[in-house]
Amino acid sequence: MYPQPECHVVDLGMIEYQKSFDLQKKIVKKVIDGEVSDTLITCQHPHVITLSRMAKKENILVSQEELKKLGVGICWTDRGGDVTYHGPGQIVLYPIFDLKEDKKDLHIFLRNLEEVVIQALRNNFGLNAYRKGGLTGVWVGPYKVASIGIGVSHWVTYHGLSLNVRTDKKFYNLIKPCGLPNVKIASINDFFDDDVSLEIVRAMLLKSIQDVFGYHLS
Amino acid sequence: MIKIYLPELGENITKATVSYWYFEEGMSVVEGNDLVEMTTDKATFNVPAPCSGAIVEIMAHEGDVVEVGTVLATIEEETVENGSEEGEQEV
């Protein structure tokens with residue numbers, strides 16, 4: 001039996017988007033240079049709207065003044081996708097994984113990230129989570145619960161996925177999520193009467209990362 | 001002259017959009033530098049420089065949608081000077 005590859009997990013708690021991005025870039029370089037093992041960052045962000053280089057500004061539906069009033073920042077970034085929102089109550093995972101020779105496939109990696117969320121929600125919460133053909137992300141019923149956008153350098157991944165656990169969904173009204181029309185957003189807590197904590201969902205996602213990617217987490 | 005191709009990015013991915021050039025024509029690059037960011041639906045992929053040298057021509061420009069295997073740019077590879085051998089030839 002082959003030993004499981006090691007993945008170091010770092011929980012940054014609540015952290016500004018830009019700070020976590022700067023840290024990701026440093027870790028990406030170390031993973032490329034073989035100085036550290038694959039790393040998984042987990043965190044939450046204060047209210048922020050992020051845009052990819054290809055994003056259309058008009059997918060932010062309110063003025064900068066309005067965003068400022070609401071305490072919502074804007075960051076341009078180098079992930080795939082269009083525009084998205086991050087905020088308290090949303091778990092963010094940044095997998096910095098070296099896609100070795102036999103795994104050099106962006107499509108499979110994106111599907112695996114979806115699978116992490118799908119398994120976590122199905123196996124632990126009984127939610128019928130699924131992917132939609134032709135789109136990237138995870139849905140429960142008509143609602144999108146997780147968004148995904150990645151970057152890859154030297155076949156080392158960064159950026160990742162966000163899952164709404166108890167997100168204040170009114171902030172999604174500020175944008176056209178992913179640049180897609182009529183996207184309905186939900187949080188895990190919308191499907192239950194009792195509160196589901198971020199800590200529990202985080203633990204389930206880590207278990208799912210182990211199962212889907214075959215890592216030993218440390 | 002070294003040609004920079006858009007590599008295979010994975011199953012079902014046949015094309016990508018040039019989203020950002022980190023360098024311009026004429027600029028020097030070091031082997032391994034990220035040269036150009038390519039974007040597929042939900043991923044960006046940085047194509048690295050396969051050698052050190054100068055960018056001669058950029059064929060695929062920002063906003064262009066190109067297929068896997070397309071030449072994105074050419075690099076004139078930096079030659080390693082060998083002073084002693086040249087010196088001997090001169091003598």
Side-chain angles (χ1 to χ4, degrees), chain A residues 24-25 28-29 32-34 50-56 76-84 95 97 99 101-114 131-138 144 146-162 177-180, chain B residues 2-25 27-53 55 58-70 72-73 75 77-78:
Chain A
Q24 280 186 74
K25 290 296 235 185
V28 166
K29 185 167 185 324
I32 290 170
D33 293 342
T50 67
L51 300 114
S52 71
R53 283 195 231 270
M54 304 287 285
K56 296 181 183 73
W76 288 88
T77 190
D78 63 355
R79 61 164 170 72
D82 194 287
V83 59
T84 197
F97 294 173
L99 304 184
E101 282 296 330
D102 61 339
K103 294 186 282 185
K104 279 184 175 175
D105 191 316
L106 303 183
H107 178 78
I108 290 175
F109 183 70
L110 289 168
R111 302 292 80 76
N112 281 341
L113 286 183
E114 291 169 344
R131 28 174 101 75
K132 278 191 179 184
L135 296 175
T136 298
V138 177
K144 189 175 188 186
S147 299
I148 294 173
I150 63 165
V152 179
S153 180
H154 291 253
W155 286 105
V156 172
T157 65
Y158 55 106
H159 294 296
L161 71 86
S162 57
C178 308
L180 298 171
Chain B
I2 305 293
K3 290 178 178 171
I4 313 300
Y5 296 93
L6 176 61
E8 295 274 352
L9 300 176
E11 188 190 329
N12 300 333
I13 302 175
T14 57
K15 51 182 79 171
T17 305
V18 181
S19 45
Y20 186 73
W21 274 100
Y22 294 98
F23 296 90
E24 294 175 9
E25 286 179 0
M27 291 176 81
S28 295
V29 297
V30 173
E31 182 179 346
N33 279 160
D34 285 336
L35 278 185
V36 55
E37 178 192 276
M38 305 297 300
T39 297
T40 68
D41 178 31
K42 287 288 182 173
T44 59
F45 180 88
N46 289 306
V47 179
C51 61
S52 297
I55 298 182
I58 288 175
M59 282 90 154
H61 300 277
E62 289 174 14
D64 289 355
V65 179
V66 298
E67 301 212 344
V68 168
T70 300
L72 304 172
I75 293 180
E77 192 172 5
E78 188 179 86

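All heavy atoms count here, side chains included; hydrogens, waters and symmetry mates do not. Residue numbering restarts at 1 for every chain, and letters A, B, ... go by the order of the sequence lines.
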Checking Ser19(B) side chain against Met54(A) main chain: does a donor-acceptor pair fall under 3.5 Å? no
Residue part contacting chain B, namely of Phe109(A), when any heavy atom lies under 4.5 Å: neither
Around atom CD of Glu25(B), are there more than 12 heavy atoms of other residues, nucleotides or ligands at under 6.0 Å? yes
Separation between CG of Asp41(B) and CD1 of Ile148(A), rounded to the nearest 0.5 Å: 11.0 Å
Between CG on residue Asn46(B) and NE2 on residue His154(A), distance to nearest 0.5 Å: 8.0 Å
Atom NZ of residue position Lys56(A) - does it have more than 12 heavy atoms of other residues, nucleotides or ligands inside 6.0 Å? no
Check salt bridge (charged side-chain N to carboxylate O under 4.0 Å, His left out) between Lys29(A) and all other residues, then give those that pass, not counting sequence neighbours. Asp33(A)
Could you look at Glu62(B) and say if it's the side chain, the backbone, both or neither that has a heavy atom under 4.5 Å from chain A? neither
Considering residues at least two apart in sequence or located in another chain, which fulfil the side chain to side chain contact (heavy atoms under 4.5 Å, CB included) criterion with Tyr5(B)? Lys3(B), Val71(B)
Contact residues of residues 9-18 of chain B (partner chain A; heavy-atom separation under 4.5 angstrom): Leu9(B), Gly10(B), Glu11(B), Asn12(B), Ile13(B), Thr17(B)
Does Thr39(B) form a side-chain contact (heavy atoms from CB on, under 4.5 Å) with Arg53(A)? I'd like the steps, not just the answer. CA-CA 9 Å; Thr39(B) 297; Arg53(A) 283 195 231 270; over 6 Å; no
CG of Leu135(A) to NZ of Lys42(B): how many Å apart, nearest 0.5 Å? 8.0 Å
Partners of Phe97(A) by ring-ring contact (aromatic ring centres under 6.0 Å, His included), sequence neighbours excluded? Phe213(A), Tyr215(A)
